[in-house]
*Asks:* 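Provided herewith is a single structure, encoded as structure tokens, for subsequent inquiry.
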Amino acid sequence: MRTSEYLLATQKETPAEAEVISHQLMLRAGMVRKLASGLYTWLPTGLRVLNKVANIVREEMNKAGAIEVLMPVVQPADLWEESGRWEDYGPELLRVKDRHERDFVLGPTHEEVITALVRNEVSSYKQLPLNLYQIQTKFRDEVRPRFGIMRGREFTMKDAYSFHLTQDCLQNTYDRMYQAYNAIFKRMGLEFRAVIADSGSIGGSTSHEFHVLAESGEDSIVFSDQSDYAANVEMAVTLPPSSTNESPLASECVENSSHSSSHENRLTTIMVKGANEENEEEGWVALVLRAEHSLNEIKAEKLVGVKSPLEFATDTQIKELVGCTASDLGPLGLSIPVIVDHAAAAVSNFTCGANLPGKSIINGNWVDTPVSVDIRNVQAGDPSPDGQGTLSIKRGIEVGHIFQLGDKYSSAMNCGVLSETGKHQTLTMGCYGIGVSRIVAAAIEQNHDKFGIKWPDAIAPFTLALIPMNMHKSQRIKDVAENLYNTLINKGIDVLFDDRKERPGVMFNDMELIGVPHSIVIGERNLDNAQVEYKCRRTGEKQLLSIDDVEDFIAAL
RNA sequence: CGGUGAGUGGCGCAGCUUGGUAGCGCACUUGGUUUGGGUCCAAGGGGUCGCAGGUUCAAAUCCUGUCUCACCGACCA
């Protein structure tokens, strides 16, 4: 590609709206332009990266036995009514009507469509297992789109769905996808981690997320320093203390009018809505943690007796029920059910609120050793749940997620086959997503410097920049540049030939901004020795090459 | 949806308090100059100031309404 025939679209200044570095650089490097909130046009440079990412995903999925299909973005509402998600999905599902007033949705995901397809096309166990995928545009009407392409409303996703007769078979495909995902992110040259994850609203049991590690990541992931254990903070379990606390039988409740909030054995009590076994609202529940720990809301709302989603009591409600403020709440003598975190149950001689205005209890102790549960977030330094090593915490950007769905959709939509014994059997499913467009942004978050993007070779928009110095003044430079360009293009290398009549500095800056990993600079200075200069974007390393060696040198990169 | 802030040429901003009919830098066009790290000079083109209404002789500026966008909180690839 010649810059003179290309839409480079680089900018010196960063648009004010861009907060995170990947968004800023994608705008400045001329990769994307915003059309409306969460909606972006991909310019040529951005699209090149997006396509490279998509192709790696496609190749590895094919290798792993998945088969590509393409489903519509617009889907009939009946399918969503059948699965129950027309009601459940909420306002993120963009609903539209056609000219006949029939309801449709813009697909945020494709479980319904694929399940409807498979129940019609597959009728025998002999056709299983089956793993179908597509790389396609999704639409989710996000409450707050942000970070540019990272959380857009319209985005490109690879979604795969597998169908099986047995759990063993599902596990087998799941493992294969897990391996494929590792291969995909490795090929892209990204630093990533697979972690145990919450399966969220999509449903199902076993689930792993794949995170690109970056300081700016929205998720916290934890992992052991001595084993393979890695999990999203949402899911990382804390262990009950090994030595159960032999607490004194009687509680020595000493009331104290002054809040001694800095006490190291202080307990925090949080009041939330209670629920019966059907998750119908019922009364209140107190959650008790050590003050230095934070509540894990996902763990808490999974508890029987706690309303899901979590609903915190307001100051007024606490006042009405207990007669004090939130900070005066304590576990001792409360008339509502009390749920105690492992760590909180293990302390003795603790300080806590006395459920009286302005009063604290010091040297409090549990009357009966309470049954404790895991409701806090793990902290760096906690022991790893697998018993090996301690945990550390890093930030990650979620770029992939694999689930074992079970029969949630197949039974709701009656998707089954005849088994070997001639009986109808409902299928069990897996689903596997990759945020293709998000990977582009995540890769930048992980690979940039003050000059711009530093693409890993595998997903760079161009592999090589050809930068002639003042070509318009030197026929000799022009000849060498044109020759090299033709040679390298014929070799199948993605070359960006900067044939603009620009000053060297402009060219250097643009090529570094858009992050071309390798460049060749052609100047009079080195041409006298039949040499050109090679520069590596990632390492900054420079070296002189004889013109005749360029072809081989680049091919060997 | 709640909280905060912003809408002025393609981008970054000033002007608004103290109404008088729009300005700067970048980018763009032309000519010259310069040439291994965003040269310099000159001459140009482009905006009725988000939208609607109001006050006024006069509104980017004051008032009302409305739309849009960004940032901070609960969801997700």
Side-chain angles (χ1 to χ4, degrees), chain A residues 8-20 23-24 27-28 30 33-39 53 57 89-93 108-110 135-160 181 197-202 209-212 218-219 232 234 297-298 301 309-312 396-403 431-442 451-452 467-474 477 500-513 519 521-527 532-533 535 542:
Chain A
L8 205 53
T10 53
Q11 293 182 323
K12 267 191 200 176
E13 284 176 292
T14 307
E17 72 195 32
E19 195 66 17
V20 295
H23 190 195
Q24 294 175 357
L27 291 170
R28 285 226 293 136
R33 288 292 181 264
K34 189 178 74 179
L35 180 64
S37 180
L39 302 176
V53 170
V57 171
Y89 208 93
E92 230 169 74
L93 181 64
T109 173
H110 281 69
I135 294 173
Q136 189 238 25
T137 298
K138 297 279 184 277
F139 191 93
R140 294 186 189 171
D141 200 359
E142 289 280 345
V143 188
R144 180 155 91 86
R146 65 189 127 164
F147 308 146
I149 234 70
M150 195 104 79
R151 185 189 294 277
R153 291 194 289 177
E154 192 177 299
F155 57 99
T156 305
M157 177 169 160
K158 185 282 300 176
D159 48 326
Y181 274 38
D198 181 34
S199 46
S201 60
I202 295 190
E209 288 169 354
F210 288 77
H211 286 262
V212 166
E218 286 193 87
D219 288 292
N232 193 303
E234 295 171 349
E297 300 188 14
I298 290 182
E301 66 189 24
L310 219 54
E311 232 177 286
F312 295 94
I397 299 165
E398 185 186 350
V399 290
H401 201 161
I402 58 179
F403 299 88
C431 86
Y432 320 93
I434 288 183
V436 174
S437 44
R438 181 180 283 181
I439 286 174
V440 176
F451 301 110
I467 309 175
M469 302 286 93
N470 304 307
M471 186 168 70
H472 63 285
K473 279 177 55 184
S474 163
I477 287 172
R500 292 175 296 175
K501 191 185 165 196
E502 283 290 355
R503 293 171 54 85
V506 175
M507 295 183 181
F508 291 141
N509 282 310
D510 273 345
M511 294 305 123
E512 280 163 11
L513 175 61
S519 42
V521 181
I522 305 163
E524 287 286 355
R525 202 163 79 184
N526 294 316
L527 229 43
V532 293
E533 183 186 282
K535 186 173 179 189
K542 290 181 186 174

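Computed from a prediction, not measured in an experiment: that's the story for all the values here. We name chains A, B, ... by the order of the sequence lines, and we start the count at 1 in each one.
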*Asks:* Looking at the base of B:C11, is there any donor atom on it, or on the side chain of A:Arg33, that sits under 3.5 Å from an acceptor on the other one?
*Replies:*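 Flag unset: no donor-acceptor pair detected.
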*Asks:* Any donor-acceptor pair under 3.5 Å joining the side chain of A:Glu512 to the base of B:G37?
*Replies:*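 Looking at the base of B:G37, it does pair with a donor or acceptor on the side chain of A:Glu512 (distance under 3.5 Å).
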*Asks:* Might you confirm whether atom CZ of A:Phe312 has over 12 heavy atoms from other residues, nucleotides or ligands at distances under 6.0 Å?
*Replies:*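 Check passes, neighbour count above 12.
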*Asks:* Picking from B:G36, B:C69, B:A77, which would you name as closest to the side chain of A:Met469?
*Replies:*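 Of B:G36, B:C69, B:A77, B:G36 is nearest to the side chain of A:Met469.
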*Asks:* Which of these nucleotides, B:G38, B:A77, B:U34, is closest to any side-chain atom of A:Arg503?
*Replies:*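 Nearest nucleotide to the side chain: B:U34.
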*Asks:* Counting distance alone, no hydrogens or angles: does the base of B:G36 have a donor or acceptor under 3.5 Å from a partner atom on the side chain of A:Glu524?
*Replies:*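 Under the 3.5 Å cut-off, the side chain and the base do not form any donor-acceptor pair.
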*Asks:* Given side chains that start at C-beta, do those of A:Ile522 and A:Met471 come closer than 4.5 Å, heavy atoms only?
*Replies:*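 Sidechains of A:Met471 and A:Ile522: no contact.
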*Asks:* Considering just the side-chain nitrogens and oxygens of A:Lys158, establish if one lies under 4.0 Å of OP1 or OP2 belonging to B:A77.
*Replies:*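 Negative; the distance criterion is not met.
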*Asks:* Considering only heavy atoms and no angle criterion, is a donor-acceptor pair shorter than 3.5 Å present between the side chain of A:Asp510 and the base of B:G37?
*Replies:*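 There is none.
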*Asks:* Can you work out whether A:Lys501 or A:Glu17 has the more 5'-proximal nearest nucleotide on RNA chain B?
*Replies:*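 That would be A:Lys501.
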*Asks:* Just wondering, do A:Val53 and A:Val440 contact through their side chains at under 4.5 Å, heavy atoms?
*Replies:*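 Side-chain contact under 4.5 Å: yes.
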*Asks:* Judged by each residue's nearest nucleotide on RNA chain B, which is more toward the 5′ side, A:Thr14 or A:Gly152?
*Replies:*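 Its nearest nucleotide lies further toward 5', so the answer is A:Thr14.
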*Asks:* Can you tell which of B:A77, B:C72, B:A70 lies closest to the side chain of A:His401?
*Replies:*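 Output: B:A77.
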*Asks:* Any side-chain N or O of A:Ser37 below 4.0 angstrom from OP1/OP2 of B:A70?
*Replies:*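 Looking at the OP1 and OP2 atoms of B:A70, one of them is under 4.0 Å from a side-chain N or O of A:Ser37.
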*Asks:* I'd like to know if the side chain of A:Arg146 reaches the main chain of A:Arg151, judged simply by a donor and an acceptor atom lying under 3.5 Å from each other, with no hydrogens or angles considered.
*Replies:*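 No.
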*Asks:* Between B:G38, B:C75, B:C69, spot the one nearest the side chain of A:Asn509, thanks.
*Replies:*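 Looking only at side-chain atoms, A:Asn509 lies closest to B:G38.
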*Asks:* Looking at B:G38 and A:Phe508: do their rings stack (centroid distance under 5.5 Å, interplanar angle under 30°)?
*Replies:*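 A:Phe508 ring does not meet the centre or angle cut-off for B:G38; no stack.
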*Asks:* For B:C76 and A:Arg140 - does any side-chain N or O of the residue sit under 4.0 Å from the phosphate oxygens OP1/OP2?
*Replies:*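 No, outside the criterion.
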*Asks:* Quick one: does A:Gln11 reach the base of B:G12 with a side-chain donor-acceptor pair under 3.5 Å?
*Replies:*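 When only heavy-atom distances are counted, A:Gln11 does not reach the base of B:G12 through any donor-acceptor pair under 3.5 Å.
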*Asks:* Checking contacts here: which listed nucleotide (B:U35, B:G12, B:C26) is nearest the side-chain heavy atoms of A:Lys12?
*Replies:*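 For A:Lys12, the side-chain atoms sit closest to B:C26.
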*Asks:* Can you find an N or O donor on one side and an acceptor on the other, under 3.5 Å apart, linking the side chain of A:Lys542 with the base of B:G37?
*Replies:*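 A donor-acceptor contact between them is absent.
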*Asks:* Take the protein atom CZ of A:Arg144 and the nucleotide atom P of B:G73, then report the distance between them rounded to whole Å.
*Replies:*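 Value for this atom pair: 7 Å.
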*Asks:* Under 3.5 Å, is there an N or O donor on one side and an acceptor on the other linking the side chain of A:Arg151 and the base of B:C75?
*Replies:*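 Indeed there is one.
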